[in-house]
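The block underneath contains the structure these notes are about, expressed in structure tokens.
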Number of protein chains: 2
Amino acid sequence: MSRSGADLALLLLGGFRSLVDAAIVELAAAGYDDVRPVHDFAMRAIAGGAETTSELGRRLSVSKQAAAKTVAVLQERGWVRREPDPGDARRKRLEVTPLGFEVLRRGEAIFDQLRARWEQQIGRDELTAIETHLATLVGAAPGRLDTPGWIVHDLGEPT
Amino acid sequence: MSRSGADLALLLLGGFRSLVDAAIVELAAAGYDDVRPVHDFAMRAIAGGAETTSELGRRLSVSKQAAAKTVAVLQERGWVRREPDPGDARRKRLEVTPLGFEVLRRGEAIFDQLRARWEQQIGRDELTAIETHLATLVGAAPGRLDTPGWIVHDLGEPT
DNA sequence: ATATGATAGGTAACCTGGTTGTCTTTGTCC
DNA sequence: GGACAAAGACAACCAGGTTACCTATCATAT
């Protein structure tokens, strides 16, 4: 019945949004108010080795100023700390706080749960097929979205 | 190898963005500068029967003020006209201009082309399967994204 | 016939997540 | 020591949203 290409785009966006909206709602219910995708991404990047604001900006493909704004809210909420770098007075080293890791782990659990729910609906093989194909789509595109290789999967313990 | 739920969300967003970014680039190359998804959606909604700014806002699930801003740029670019409604002095009737339809048709063609390219890569059945499953995901979600039933598929001729 | 309430639109102030441009401080390399 | 690069801070701006509030017009009930 031939969906249009625009439909496809809409479906992809819709899928993302239904996942993310559900996650935001559940995080809020768990007491973490107003966690946005950008917060999650940024904390993962920091946990994954983005030590400075400038580096964070590069990894997220945004300007360092934009990264600085994000860091400011993260810091204000106590999810990220900024401390002077002993070896370089220009830098302020970023680190995710235990509380930040908690948010990250919660978010992860929620996403996994949503994914599991969907897997149950459409079947395991179908889901992996979708993921594989999406990965090739994203990978094949003249990528504006930087390959999210920096996404840290093992959140470990909050030290 | 178990992708996480967060990966899935990222893949969906990435898929949307690679499609949309490519479309924006190609539309720009065709002389239509800075066509954003929101412009396309809004014009489709208008073409599909959203006669007033308030109605447009309702259909796009944004405030009427936000819709008014979008209409302002659409009008400025000559893609949409606003004319007083003869039967109701409060209303200003919206209509997509021939130029606006041209943009819409161009965008549609580009999306279809991108979809076709992808279909070639992963196979027809796979793509339809993905679309079907995405549709259930989006449909099943306690939908923040209003069902885009208003999306007009047949752009017809610019009259 | 008019008062009441709903609706269309406009204006203004504000938020978020971006941008560019400019500046200072600090580090590195020759 | 001098030139340049990099980190961060600050300001102005933009897009696309929000809420609050105002006026004009229409519809309806009494």
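From a predicted model like this one, the values you see are computed outputs, not experimental measurements. Protein chains get the first letters and strands the later ones, always in sequence-line order, with residue 1 at the start of each. Only this structure's heavy atoms are used, side chains among them; waters, hydrogens and symmetry mates stay out.
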Whole Å only: how far is the [atom1] atom of [X] from the [atom2] atom of [N]?
X      : N       : atom1 : atom2 : answer
L60(A) : dT16(C) : CG    : C1'   : 16 Å
R82(B) : dG9(C)  : CZ    : P     : 7 Å
L74(A) : dG17(C) : CG    : P     : 10 Å
E51(B) : dT7(C)  : CD    : C1'   : 15 Å
K92(A) : dA6(D)  : NZ    : P     : 20 Å
E55(B) : dA6(C)  : CD    : P     : 19 Å

task: Ignoring hydrogens and angles, tell me if any N or O in the side chain of R91(B) forms a donor-acceptor pair with the backbone of E51(B) under 3.5 Å.
output: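 Answer holds: no.
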
field: Exceeds 12 heavy-atom contacts within 6.0 angstrom, atom CD of Q120(B)
entry: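 Counting other residues, nucleotides and ligands, CD of Q120(B) stays at 12 neighbours or fewer.
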
message: Set out, in order, the CA-CA distance, both residues' side-chain angles and the distance that settles salt bridge (charged side-chain N to carboxylate O under 4.0 Å, His left out) for R44(A) and E108(A), then state yes or no.
response: CA-CA 11 Å; R44(A) 274 162 200 279; E108(A) 183 120 305; 2.7 Å; yes

field: Distance, nearest 0.5 Å, that separates CG of L8(A) from OG1 of T128(B)
entry: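 Reported to 0.5 Å precision, the distance equals 11.0 Å.
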
task: Give one of base, sugar-phosphate or nothing for R93(B), where a contact means two heavy atoms less than 4.0 Å apart.
output: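 Nothing: the residue R93(B), judged by heavy atoms under 4.0 Å, touches no strand.
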
- prompt: Under the salt bridge (charged side-chain N to carboxylate O under 4.0 Å, His left out) test, which residues partner D34(A), sequence neighbours left out?
  reply: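 Partners of D34(A) under the salt bridge (charged side-chain N to carboxylate O under 4.0 Å, His left out) test: R36(A), R77(A).
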
message: Less than 4.0 angstrom between a side-chain N/O of S54(B) and OP1 or OP2 of dT7(C), yes or no?
response: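 For dT7(C), neither OP1 nor OP2 has a side-chain N or O of S54(B) closer than 4.0 Å.
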
task: Please state whether the phosphate of dA8(C), meaning OP1 or OP2, lies under 4.0 angstrom from any side-chain nitrogen or oxygen of R58(B).
output: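 Yes.
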
- request: If a pair satisfies side-chain hydrogen bond (donor to acceptor under 3.5 Å, both in side chains) and one of its residues is in residues 63-75 of chain A, list it, with sequence neighbours excluded.
  value: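 Residue pairs with at least one partner in residues 63-75 of chain A: there are none.
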
Per-nucleotide protein contact string for nucleotides 15-27 of chain D (B base, S sugar-phosphate only, - none; heavy atom under 4.0 Å): -SBBBB---BBS-

